[in-house]
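What follows is a single structure, written as structure tokens, with notes after it.
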Amino acid sequence: GAVVSQHPSRVICKSGTSVKIECRSLDFQATTMFWYRQFPKQSLMLMATSNEGSKATYEQGVEKDKFLINHASLTLSTLTVTSAHPEDSSFYICSARSDRVYNEQFFGPGTRLTVL
Amino acid sequence: AQSVTQPDIHITVSEGASLELRCNYSYGATPYLFWYVQSPGQGLQLLLKYFSGDTLVQGIKGFEAEFKRSQSSFNLRKPSVHWSDAAEYFCAVGAPNSGYALNFGKGTSLLVTP
């Protein structure tokens with residue numbers, strides 16, 4: 001149980017285009033989902049927290065107009081990187097918190113974004 | 001400010017030797033503590049977690065960790081390392097006042113030599 005999927009696993013896009021990454025909780029309802037970003041050989045940094053049906057809360061320094069987060073259902077959150085640039089190339093990882101196991105997160109496998 | 005520190009960026013151990021990875025945290029109250037492992041290009045795998053109770057926690061793959069409140073530490077240990085343990089290890093901390101979002105340490109890269 002407690003499986004989280006991400007799609008796509010890898011994406012390459014041209015500079016200026018937008019990319020959407022999906023995060024799904026497959027066997028539980030996720031009232032809260034988190035988006036993290038990991039640069040090569042670095043740690044994970046929290047980008048934003050999203051609660052189902054409400055606006056995401058962004059961490060300081062994260063541009064909310066550039067990283068659009070939608071948590072429209074209890075099993076799906078999406079991160080859209082708008083007008084992507086090479087500096088947005090990174091590993092994006094989502095996690096989901098169950099409404100039953102409130103103090104633990106379950107992580108997706110990550111999405112590798114490369115912007116050319 | 002809340003913080004998580006992993007003092008060792010790289011650690012090299014011989015296969016079969018014991019391992020200890022250090023993690024120190026600075027939080028207002030006892031947080032929830034986690035250790036994750038990440039292989040290159042892969043996602044995170046939870047090794048173990050501490051919420052409350054027994055301060056010695058057993059995890060998967062033969063790992064254990066001990067919570068020491070007086071030292072604000074949650075060090076990860078393994079008595080005998082296998083070559084397959086080579087990976088990046090992250091200590092993470094969460095707390096109710098942050099909605100349980102995790103604050104990660106910078107990670108420790110483990111190299112296992114024959």
Side-chain angles (χ1 to χ4, degrees), chain A residues 1-10 21 23 30-52 54 56-60 62 69 71 77 90-114, chain B residues 1-10 21 23-25 27 29-53 57 59-60 67 86-111:
Chain A
V3 178
V4 176
S5 70
Q6 277 185 247
H7 179 79
S9 57
R10 289 178 178 271
I21 302 169
C23 177
T31 51
T32 303
M33 287 185 170
F34 305 91
W35 287 94
Y36 296 85
R37 181 175 183 177
Q38 185 181 30
F39 289 108
K41 299 190 183 302
Q42 294 190 27
S43 188
L44 285 79
M45 300 298 294
L46 179 68
M47 298 176 66
T49 301
S50 73
N51 292 296
E52 186 265 338
S54 61
T57 302
Y58 291 81
E59 295 299 298
Q60 192 173 8
V62 178
I69 293 173
H71 191 165
S77 176
S90 189
F91 194 51
Y92 292 88
I93 304 176
C94 74
S95 68
R97 195 181 90 199
S98 165
D99 56 352
R100 288 172 294 158
V101 185
Y102 61 92
N103 52 11
E104 184 175 351
Q105 299 174 35
F106 302 96
F107 283 83
T111 296
R112 173 74 60 194
L113 170 63
T114 303
Chain B
Q2 300 173 337
S3 66
V4 183
T5 303
Q6 291 181 247
D8 305 304
I9 298 175
H10 300 282
L21 302 182
C23 174
N24 293 94
Y25 64 90
Y27 267 71
T30 300
Y32 300 113
L33 299 159
F34 305 83
W35 274 99
Y36 290 91
V37 61
Q38 184 181 37
S39 297
Q42 302 296 311
L44 299 177
Q45 182 178 25
L46 177 67
L47 289 175
L48 46 77
K49 58 192 177 187
Y50 174 78
F51 296 156
S52 65
V57 180
I60 62 170
F67 169 63
E88 190 81 17
Y89 290 80
F90 293 99
C91 178
V93 177
N97 61 358
S98 64
Y100 302 99
L102 293 182
N103 188 359
F104 285 84
K106 293 187 180 300
T108 298
S109 179
L110 174 64
L111 177 64

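In what follows, every chain begins at residue 1, and chains take the letters A, B, ... in the order their sequences are listed.
Of all non-hydrogen atoms in F90(B) and Q42(A), the two that sit nearest each other are CZ-O, 3.9 Å. Scanning both residues, F91(A) and Q42(B), for their nearest heavy atoms gives CE2-O, 3.5 Å.
Rounded to the nearest 0.5 angstrom, E104(A) CD and F34(B) CZ are separated by 6.0 Å. To the nearest 0.5 Å, the span separating CZ on F104(B) from CE on M45(A) amounts to 10.5 Å.
Of the two parts of Q38(B), only the side chain, counted from C-beta on, holds a non-hydrogen atom closer than 4.5 Å to a non-hydrogen atom of chain A. For L44(A), the parts sitting under 4.5 Å from any heavy atom of chain B are the backbone and the side chain alike. Both the backbone and the side chain of Q105(A) come within less than 4.5 Å of a heavy atom of chain B. The part of Q38(A) that comes within reach of chain B is its side chain, from C-beta onward, which places non-hydrogen atoms under 4.5 angstrom from that chain.
Among G43(B), A101(B), G105(B), the residue with the largest count of heavy-atom pairs under 4.5 Å with chain A is A101(B).
For Y36(A) (side chain) and L102(B) (main-chain N/O), a donor-acceptor pair under 3.5 Å exists by modelled atom type. When atom types are taken as modelled, the side chain of S43(A) and the backbone of G107(B) share no donor-acceptor pair closer than 3.5 angstrom.
Heavy-atom neighbours of I60(B) CD1 from other residues, nucleotides or ligands within 6.0 Å: above the threshold of 12.
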